[in-house]
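First up is the structure itself, then whatever we jot down about it.
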There are 2 protein chains.
Amino acid sequence: MYTPYTMSTRGRLSRERILEDALRIVDSEGLQGLTIRRLAQELDVTPMAVYRHFKNKTDILDGLIELVIAEGQATEHDTEGWQAWIEVTFLRMRASLLQHPGVLPLLGSSASYGLQSLRITERLLGKLRGAGLGADAVARGLHLLVSYTLGAVAIEVAAREQQQSAEAGTQQEWQRQLRQRFESADIAEFPNLVALAPKLSRFVEEAEFGLGVRQIIRSLTPEA
Amino acid sequence: MYTPYTMSTRGRLSRERILEDALRIVDSEGLQGLTIRRLAQELDVTPMAVYRHFKNKTDILDGLIELVIAEGQATEHDTEGWQAWIEVTFLRMRASLLQHPGVLPLLGSSASYGLQSLRITERLLGKLRGAGLGADAVARGLHLLVSYTLGAVAIEVAAREQQQSAEAGTQQEWQRQLRQRFESADIAEFPNLVALAPKLSRFVEEAEFGLGVRQIIRSLTPEA
DNA sequence: ACCTGAACACCGTTCAAGT
DNA sequence: ACCTGAACACCGTTCAAGT
């Protein structure tokens, strides 16, 4: 029997395909653009079809985080030297999160204990222990690096959004607007912010993030 | 003319009173519990009355962040010594965010350029410059400390939620469940995670957070 | 100036039914 | 087994009206 509908180019539904479409929607329209109904429309299907593969919307959101983390392949490289390896790994982590800024708010909620996250953590712990660090230094080192990366990306995304909504195309224009805001404030006095604004606004660049990671790595090994 | 309704014990509407009620709802029911309709009900008012004071829901959410930051009074202390002062400031920041975990997802979105945030930043910059650090060290130091704090709190909140939803009352019970999950995983091999689990799960405590902050502070001053 | 009421265009999710 | 259709109890927000 020939059934043209089930043979359509879009193929059949699956967790994978649903998550891919969901991520595309989040990338182009933000997290709030992702609704079950909108997603179903993208999949050429009724909203309820999605519930055959995910138990609810939270389930989809948890899957999205895992997808982004897996896609990033943060630990899939063989950089020489454990310190350089760690640095590259976190640079990749940052890059993959920045590619999907919409999922960031999800990290602060409840997931990140998925299989993909655990795998990356396992590999990082292995590298740090292999470098000869003690158990305490390893644990604190991981915590410092992961926390710094999550926070830095969150700040970077927020800064980019501000910059966009302020219609400040260039960095110079954005700095000019920031300075203006500082100076016209109620208290009218943010001398340090004004003086350091150029340095502070540099932290939306990969190079500066890398310096931060390196500084943390350096602080893990008592020089001797 | 006596008009009992406007003299009610709840008083009149204002931005302040709306934000206070909104924060109470977020604290007790989470961010998704905060709806305009629910908020209006709490205020004994029609949903539309809220729109007289806030242009939309985003406006309310931005206000919430500022309220939490202001309430925290992170810089309102006079601890002796710049390093101790910085440490206390970030410990306070962590504490106030943990008191209102519901607002955390908002930090990763778009605000944090409000007046309260800028004031805290200004004071931190002043302290760091006063300690004799160069402009680059000050900028990177602030970035490291703020990023670390945001990330660490996000992880801490996620961990607490996981712990709660797993109905793991005690730390021991939680560790037992985690270990079980590692060992029953598909790949079945997370040796480092299993070995270090006790150390890793300690990072939901103030003392460990403080150690992280101190390590960053130490890395700012080239020992000499 | 400040609040109300009714309406519009959406949500996530349940349930019973189709093939 | 997998998908549909209709319905339920909600959303944020606009608009015109009341006092």
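The structure presented is a predicted model; accordingly, all values stated were derived computationally and were not measured. Naming convention: chains lettered A, B, ... in sequence-line order (proteins, then strands); numbering from 1 in each chain.
Remark: Arg37(B) in residues 29-38 of chain B come within less than 4.0 Å of DNA chain C through at least one heavy atom.
Taking the ring centroids of Phe90(A) and Tyr148(A), they lie at or beyond the 6.0 Å cut-off.
When base pairs are accepted only as Watson-Crick or G-U wobble with both N-N or N-O distances under 3.5 Å, DNA chain C takes part in stems of 3 or more pairs at C:4-8 with D:12-16, C:12-16 with D:4-8.
Remark: Glu16(A) CD is loosely packed, at most 12 non-hydrogen atoms of other residues, nucleotides or ligands lying under 6.0 Å away.
What separates CG of Asp44(A) from C1' of dC3(D) is a distance of 14 Å, to the nearest Å. Rounded to an integer number of Å, the gap from CD1 of Ile60(B) to P of dC11(D) is 14 Å. For Arg17(A) and dC2(D), the CZ to C1' distance is 14 Å, given to the nearest whole Å. Between Phe54(B) atom CZ and dC2(C) atom P there is a gap of 14 Å when expressed in whole angstrom units. The nearest whole Å value for the distance from the CE atom in Met48(B) to the P atom in dC2(C) is 15 Å. Taking atom CD of residue Gln41(A) and atom P of nucleotide dC11(C), one finds them 9 Å apart after rounding to whole Å. Protein atom CG of Asn56(A) is 8 Å distant from nucleotide atom P of dT14(C), rounded to whole Å. Distance, Asp59(A) CG to dG12(C) C1': 14 Å, rounded to whole Å.
Listed nucleotides: dC3(C), dT13(C), dT4(D). Nearest to the side chain of Thr46(A): dT4(D).
Of the two residues contacting DNA chain C, namely Val45(B) and Arg52(A), the nearest-nucleotide position lying further toward the 5' end is that of Val45(B).
Here the straight-line distance linking atom CG of Leu64(A) with atom CD of Glu66(A) works out to 10.5 Å at 0.5 Å rounding. The structure places CG of Leu39(A) at 11.0 Å from CG of Leu23(A), a figure rounded to the nearest 0.5 Å. Here the CG-CZ distance, from Leu43(B) to Arg17(B), works out to 5.5 Å after rounding to the nearest 0.5 Å. Within the model, atoms NE2 of His53(A) and CG of Leu13(A) stand 5.0 Å from one another, a figure rounded to the nearest 0.5 Å.
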Could you walk me through whether Val50(A) and Ile60(A) pass the side-chain contact (heavy atoms from CB on, under 4.5 Å) check? CA-CA 10 Å; Val50(A) 175; Ile60(A) 299 177; 3.8 Å; yes
Chi angles and distances behind the side chain to side chain donor-acceptor pair (under 3.5 Å) call for Glu208(A), His143(B): CA-CA 10 Å; Glu208(A) 291 293 329; His143(B) 184 245; over 6 Å; no
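Taking every heavy atom of both residues into account, Leu91(A) and Glu206(A) meet most closely at CD2-CG, 3.7 Å.
The phosphate of dT13(D) (OP1 or OP2) has a side-chain N or O of Tyr51(B) nearer than 4.0 angstrom. For the pair His53(B) and dC2(C), the criterion of a side-chain N or O lying under 4.0 Å from OP1 or OP2 is not met.
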